[in-house]
Amino acid sequence: METEHEERADAGRRPSVRALVAGSVGNFIEWYEFGVYGYFATVIAERFFTPAAGGTLEGLVKTYASFALAFFFRPVGAALFGRLGDRIGRRPVLILVISLMTVTTALIGALPTYATVGVLAPWLLTLLRVLQGLSAGGEFGGAVAVMTEFAPPGRRGLYGAWQSFTVALGLLAGAGVAAVLAGLLSEAQLSAWGWRLPFLLALPMGLGALWLRLRLDETPTFREQEPAEALPARDVAWAVALGAGRVMGWAAAGYAFLVVLPSYLQTALHATLHEALTATVLANLGFAATIIPAGLLSDRVGRRPVMLTGAGLVVVLAVPLLDLLHDPGTSTLLKGPAVLLAGAIVGLMAGPGPALLAEMFPTGVRCTGLGLAYALSNAVFSGCAGLIITEAVKRTGNVDVPAYYAAGACAVSMLALFKKTAFSGIAGKADGTDAGDRPDVGNVVRRH
């Protein structure tokens, strides 16, 4: 009897593990590419956005403008693919978005540069970034819905944290590949053709992810949901806005510390590419180290306390940590732990974040709602981070701008985390204040 019970338990765990892997692999590829684009921003600026008479900083600003434009198409993708995911299912949408993401990323590695086709080059690159933004907008909502809807009771925080963890892995992989190429190739080789290799690597990775998603089942929550009355548009819109506010600190601090950092260190602090990438690897290691523990802790004490802790630490420590980096008297032994700590603090927000968003929306609008909240937050506070920080440093000469940017966004997130939502979501409490042990309430709507 014990053997049969164990076999049934193993059979029940298999779909959950498969969903965890299939859901998170797309996030890995997405953030690997976005990380690579950020890490090679100075090279891309030179190859695509800087004519012979143009300035380096001018090209970098245009590169980040293209970066931001892709993020502003994320909400469009979240609305489009999220609605499809809520109507026809999570599985077909995840298959569609990983296919689009893989093709567009690989094509970036094959694009002709400004020297070859002139002004057509930045337009082609921007078009591919727009398509990437659409696919990324659909990826998050579908993936988090799959991972949290397959999660065992009391483990939604842990399962959702894997989405953020694979984001960290993707950024680390991008930084690692960039650092290896920077170490193996000369600057001339890296600028001429070496930058293409990380983008082309997305093709085999994407084919592997597609294979995994073709073997994925539809979530039981979606299959078993009962027809429900239309939800008030005002309540859905408020939940989306509140969700975006709750994760804006995560978005802003994450991009300030994990993606924008290499170009910032090079242009503002005159670090070498290799030094900047090494600092970014350390920041992402700190980020990865705290995500899973933070998600697991949120299953025990609630999403809100863990996220408030992370946001509060950014508000208090952002400026002192950045001052350590640009102080010429600070030793390398201190700078390493500083960037490691910065990444670790962001992980406290990223761990519980996916489950918190999933629990804010009923099944019938979950893909759309959580996808839009995340996409809107990232469009404004991640996609614009490089553009805003670079332009602000250029105009003011203040090298503390990234710290002020991250701290200000986290302060607003702390306020949003204290606000109430309209729906109870899958945990029965929109704020994730229980461990998620109650059954999925599906489309049931409760008022606070």
Q: Could you name each residue pair satisfying ring-ring contact (aromatic ring centres under 6.0 Å, His included) that touches residues 116-141, not counting sequence neighbours?
A: F140-Y374

(Q) Run T102 and L210 through side chain to side chain contact (heavy atoms under 4.5 Å, CB included) and show every step you take. (A) CA-CA 9 Å; T102 299; L210 179 61; over 6 Å; no

Q: Would you name the heavy atoms of A375 and A78 that are closest together and state the gap between them?
A: CB-CB, 4.0 Å

Q) Does the distance from a Lys or Arg side-chain N to an Asp or Glu carboxylate O, for R304 and E359, drop under 4.0 Å? A) no

(Q) Counting the benzene-type ring for Trp, do F165 and W31 have ring centres under 6.0 Å apart? (A) no

Q. Between CG of D86 and CZ of F222, what distance do you get to the nearest 0.5 Å?
A. 7.5 Å

Q) Any side-chain heavy atom of V25 within less than 4.5 Å of one from T166? A) no

Q | Distance-only donor-acceptor check, side chains E149 and T219, under 3.5 Å | A | yes

Q. Quick one: are L134 and L80 in side-chain contact, heavy atoms under 4.5 Å?
A. no

(Q) As an exercise, state the distance from CG of L212 to CD1 of I98, rounded to the nearest 0.5 Å. (A) 9.5 Å

Q. Under the side chain to side chain contact (heavy atoms under 4.5 Å, CB included) criterion, do V236 and T368 qualify, and how do the steps go?
A. CA-CA 10 Å; V236 176; T368 307; over 6 Å; no

Q) Which pairs count as salt bridge (Lys or Arg N to Asp or Glu O under 4.0 Å) when at least one residue sits in residues 25-43, sequence neighbours excluded? A) E30-R74, E33-R129

Q: Mind jotting down which residue pairs meet the side chain to side chain donor-acceptor pair (under 3.5 Å) criterion with at least one end in residues 171-187? Sequence neighbours excluded, please.
A: S186-Q189

(Q) Can you confirm whether F81 sits close enough to C367 that some side-chain heavy atom of one is under 4.5 Å from a side-chain heavy atom of the other? (A) no

**Q.** Neighbour count >12 (heavy atoms, 6.0 Å) for atom CZ, F73
**A.** no

**Q.** Side-chain donor/acceptor of S377 to backbone N/O of A373, under 3.5 Å
**A.** no

(Q) Would you say that E139 contacts L94 through its side chain, given a criterion of any heavy-atom pair below 4.5 Å between the two side chains? (A) yes

Q: Step by step, work out the side chain to side chain contact (heavy atoms under 4.5 Å, CB included) result for F381 and Y405.
A: CA-CA 9 Å; F381 299 102; Y405 181 80; 4.0 Å; yes

Q: Determine yes or no for a side-chain-to-main-chain donor-acceptor pair under 3.5 angstrom, with D299 supplying the side chain and G157 the backbone.
A: yes

Q: Give a yes or no answer on whether the side chain of T148 reaches the backbone of R156 with a donor-acceptor pair at less than 3.5 Å.
A: no

Q.
Are V36 and L201 packed together at the side-chain level, in the sense that at least one heavy-atom pair is separated by less than 4.5 angstrom?
A. no

Q) Any donor and acceptor pair, going by atom type alone, linking the side chain of R303 with main-chain N or O of P352 inside 3.5 Å? A) no

Q.
On a heavy-atom basis, which atom in V43 and which in L190 lie closest, and how many Å separate them?
A. CG1-O, 4.2 Å

Q) Under 6.0 Å from the CZ atom of R223, do we count more than 12 heavy atoms belonging to anything else shown? A) yes

**Q.** L181 to G194 - nearest heavy-atom pair and separation
**A.** CD1-O, 3.5 Å

Q) Taking only residues two or more places apart in sequence or in another chain, which ones pass salt bridge (Lys or Arg N to Asp or Glu O under 4.0 Å) with R215? A) none

Q | Shortest non-hydrogen separation from L172 to V281 and the atoms involved | A | CD2-O, 3.5 Å

Q) Is the shortest heavy-atom distance from the side chain of I108 to the side chain of Q132 under 4.5 Å? A) yes

Q. With distance as the sole test, does R91 use its side chain to make a donor-acceptor pair with the main-chain N or O of D217 at under 3.5 Å?
A. no

Q: Determine which pairs satisfy ring-ring contact (aromatic ring centres under 6.0 Å, His included) with at least one residue from residues 291-315, sequence neighbours left out, and list them in order.
A: none

**Q.** Straight-line distance of I345 CD1 to L317 CG, nearest 0.5 Å
**A.** 5.0 Å

Q: Given side chain to side chain contact (heavy atoms under 4.5 Å, CB included), test L357 with V144 step by step and report yes or no.
A: CA-CA 9 Å; L357 288 177; V144 172; 5.9 Å; no

Q) Can you tell me if T104 uses its side chain to pair, donor with acceptor, with the backbone of M101 under 3.5 Å? A) yes

Q) Taking the side chain as C-beta and beyond, is there a heavy-atom pair between L207 and W211 under 4.5 Å? A) no

Q: Using atom types as modelled and distance alone, determine if a side-chain donor or acceptor of Y159 lies under 3.5 Å from a backbone N or O of V146.
A: no

Q) So which pairs with a foot in residues 191-209 pass side chain to side chain donor-acceptor pair (under 3.5 Å), sequence neighbours left out? A) E46-S191

Q. Atom OH of Y255 and atom CG of N378: how far apart are they, to the nearest 0.5 Å?
A. 7.0 Å

Q. Hey, does the side chain of R213 reach the backbone of A22 with a donor-acceptor pair shorter than 3.5 angstrom?
A. yes

Q. Checking R246 side chain against K419 main chain: does a donor-acceptor pair fall under 3.5 Å?
A. yes

Q: Check for a donor-acceptor pair, side chain of S298 on one end and backbone N or O of G295 on the other, with a separation under 3.5 Å.
A: yes

Q | Between CG on residue L120 and OG1 on residue T113, distance to nearest 0.5 Å | A | 11.0 Å

Q) Taking all non-hydrogen atoms of both residues, which atom of A244 and which atom of L376 are closest, and how far apart? A) CB-CB, 4.5 Å

Q) From S413 OG over to M349 CE, what is the distance, rounded to the nearest 0.5 angstrom? A) 7.5 Å

Q) What's the shortest heavy-atom distance between A318 and F257, and which atoms? A) CB-CZ, 4.2 Å

Q) Side chains of P402 and L322: does their closest heavy-atom pair fall under 4.5 Å? A) yes

